[in-house]
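Report on the structure given below.
Note: hydrogens, waters and symmetry copies are ignored here, and every other heavy atom, side chains too, is used. Quick note on labels: first sequence line is chain A, next is B, and so on, each numbered from 1. Here the structure is a predicted model, which means the values were calculated and not measured.
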2 protein chains.
Amino acid sequence: MIRLSKKVEYSIIALKYFAISKETYLTAKEISNKYKIPHELLAKILQRLSKEKILTSNQGINGGYKLNKQPSDISLEYIIKLFDGEKGIVECINGKSAGECCIFDECTIKDPIIKLQKELEIYFSSKKISDFV
Amino acid sequence: MIRLSKKVEYSIIALKYFAISKETYLTAKEISNKYKIPHELLAKILQRLSKEKILTSNQGINGGYKLNKQPSDISLEYIIKLFDGEKGIVECINGKSAGECCIFDECTIKDPIIKLQKELEIYFSSKKISDFV
DNA sequence: TTAAAATACGACTATATTAGTCCGATTTAG
DNA sequence: CTAAATCGGACTAATATAGTCGTATTTTAA
Ligand code: FES
Ligand code: FES
């Protein structure tokens with residue numbers, strides 16, 4: 001089938017943990033220990049989520065991250081696009097210029113492929129972190 | 001987003017071409033020329049489809065392939081599993097032993113992830129080659 | 001004021017997956 | 001017999017993903 005990247009998987013795990021945790025601030029180390037996720041990797045993921053204002057961060061010795069959005073407002077679609085980029089379901093569809101492609105002079109599957117992609121986007125948009133809690 | 005492999009993409013293009021073509025037998029060379037697909041690669045794809053009885057083949061100098069199934073009976077799900085394997089949406093779900101995983105001692109997202117995978121499988125099962133014609 | 005522990009950022013390396021090639025064998029019509 | 005096709009597997013190349021490293025900055029508390 002089709003596979004989620006580790007970054008997306010780790011994001012879901014971490015965000016769910018934020019969602020169910022009572023603590024205000026959690027550190028990357030705490031989460032990476034709990035789930036055996038490589039610390040440096042998770043740290044960068046949380047930094048990215050922080051940059052996107054999905055988390056807020058505190059620096060310094062008692063720092064950490066906490067959720068800045070409702071779990072029901074964070075979609076899988078958003079996370080996937082954030083970490084895996086906007087690349088389309090086939091090479092020539094970059095999400096942006098869906099009409100203008102590209103690779104094969106005579107591509108006969110362009111329209112149905114674009115439809116497929118749109119449907120998948122709608123599906124992943126409908127999946128929220130709250131669905132994993 | 002999520003990307004189809006070239007093998008799957010080429011399969012769709014080729015199968016659609018078989019579906020709309022009047023000719024009885026088409027060769028790998030003919031299709032690879034028409035769509036600028038690497039010949040050797042397409043040949044192997046058609047061989048595989050042939051092995052799966054989706055196509056039937058004739059060897060020899062006037063040989064080639066033709067459809068052996070209705071386009072409405074060939075699902076995207078089947079093609080994806082055929083060429084990309086049965087790997088699940090995350091590493092530890094191998095499609096088979098969906099219940100028994102695995103990587104994280106305390107994986108908290110297993111159940112919703114399995115649900116996600118099942119829904120995607122249903123979706124891709126519902127997409128047929130005839131939807132691309 | 002210094003040390004420790006955290007985030008922040010970017011470059012780098014390693015690994016895995018995918019894409020594509022090559023070689024030789026077999027088949028079959030002409 | 002030969003040309004042109006399928007068959008099959010091993011091999012290489014290219015790309016994408018996963019993970020590491022080094023260094024800077026921030027903050028708290030001893
Ligand atoms: S070549 Fe662009 S969709 Fe097929
Ligand atoms: S570790 Fe198996 S589903 Fe999460």
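Using a 4.0 Å heavy-atom cutoff across all strands shown, Ala28(A) reaches sugar-phosphate atoms only and no base atom. No engagement by Asp84(A) is indicated, since no non-hydrogen atom pair under 4.0 Å with the nucleic acid exists.
When atom types are taken as modelled, the side chain of Lys69(A) and the backbone of Ile74(A) share no donor-acceptor pair closer than 3.5 angstrom. Of the possible donor and acceptor atoms, none in the side chain of Lys127(A) sits under 3.5 Å from a partner among the backbone N and O of Leu116(B).
The aromatic ring centroids of Tyr17(B) and Tyr35(B) lie less than 6.0 Å from each other.
As a whole-Å value, the separation of Ile80(B) CD1 from dT18(C) P is 12 Å. Taking atom CD1 of Ile31(A) as the reference point, atom P of dT7(C) lies 9 Å away to the nearest angstrom. Look at CD1 on Ile61(A): it is 17 Å from P on dT2(C), rounded to the nearest Å. With rounding to whole Å, Glu91(B) atom CD is found 15 Å from dT17(D) atom P. Residue Leu4(B) contributes atom CG, which lies 13 Å from atom C1' of dT18(C) at whole-angstrom precision. Atom C1' of nucleotide dA16(D) and atom CD1 of Ile2(A) are separated by 16 Å, given to the nearest angstrom. Rounded to a whole Å, the CD1 atom of Ile45(B) is 14 Å from the P atom of dC7(D). We find that CZ of Arg48(B) is positioned 16 Å from C1' of dT6(D), with the value rounded to whole Å.
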Inset, instruction - In sequence, state the C-alpha distance, the side-chain angles, and the governing distance for Glu121(B) and Lys118(B), and then conclude on salt bridge (Lys or Arg N to Asp or Glu O under 4.0 Å). - result: CA-CA 5 Å; Glu121(B) 281 173 3; Lys118(B) 293 232 172 87; over 6 Å; no
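Distances were taken from every side-chain heavy atom of Leu41(A) (C-beta onward) to each of dA18(D), dG22(D), dT6(D); the shortest belongs to dA18(D). In the set dA6(C), dA16(D), dT20(D), dA16(D) carries the atom at the smallest distance from any side-chain atom of Lys87(A). Of the candidates dT6(D), dA4(C), dT21(C), the closest approach to any side-chain atom of Gln47(B) belongs to dT6(D). Side-chain atoms of Asn62(A) lie closest to dT28(D) of the nucleotides dC7(D), dG19(D), dT28(D).
Between dA29(C) and Tyr25(B), no contact under 4.0 Å exists linking OP1 or OP2 to a side-chain N or O. OP1 and OP2 of dT15(C) both lie 4.0 Å or more from every side-chain N or O belonging to Lys6(A). Between dA19(C) and Tyr10(B), no contact under 4.0 Å exists linking OP1 or OP2 to a side-chain N or O. The phosphate of dA8(C) has OP1 or OP2 within less than 4.0 Å of a side-chain N or O from Ser57(A). Proximity of Lys44(B) to the phosphate of dA10(D): no side-chain N or O atom is located under 4.0 Å from OP1 or OP2. In terms of phosphate contacts, Ser50(A) brings no side-chain nitrogen or oxygen within less than 4.0 Å of OP1 or OP2 of dT7(C).
Electrostatic pairing of Lys34(A) and Glu30(A) does not count as a salt bridge here, judged by no charged N lying under 4.0 Å from a carboxylate O.
The side chain to side chain contact (heavy atoms under 4.5 Å, CB included) test with Leu67(A) is passed by exactly one of Leu55(A), Thr24(A), Ile129(A), Thr56(A): Leu55(A).
Heavy-atom distances to DNA chain C give each of Gly63(A) and Glu40(A) a nearest nucleotide, and the one nearer the 5′ end belongs to Gly63(A).
For Gln59(B) and dT27(C), a side-chain-to-base donor-acceptor distance below 3.5 Å is absent, hydrogens and geometry of angles not being considered.
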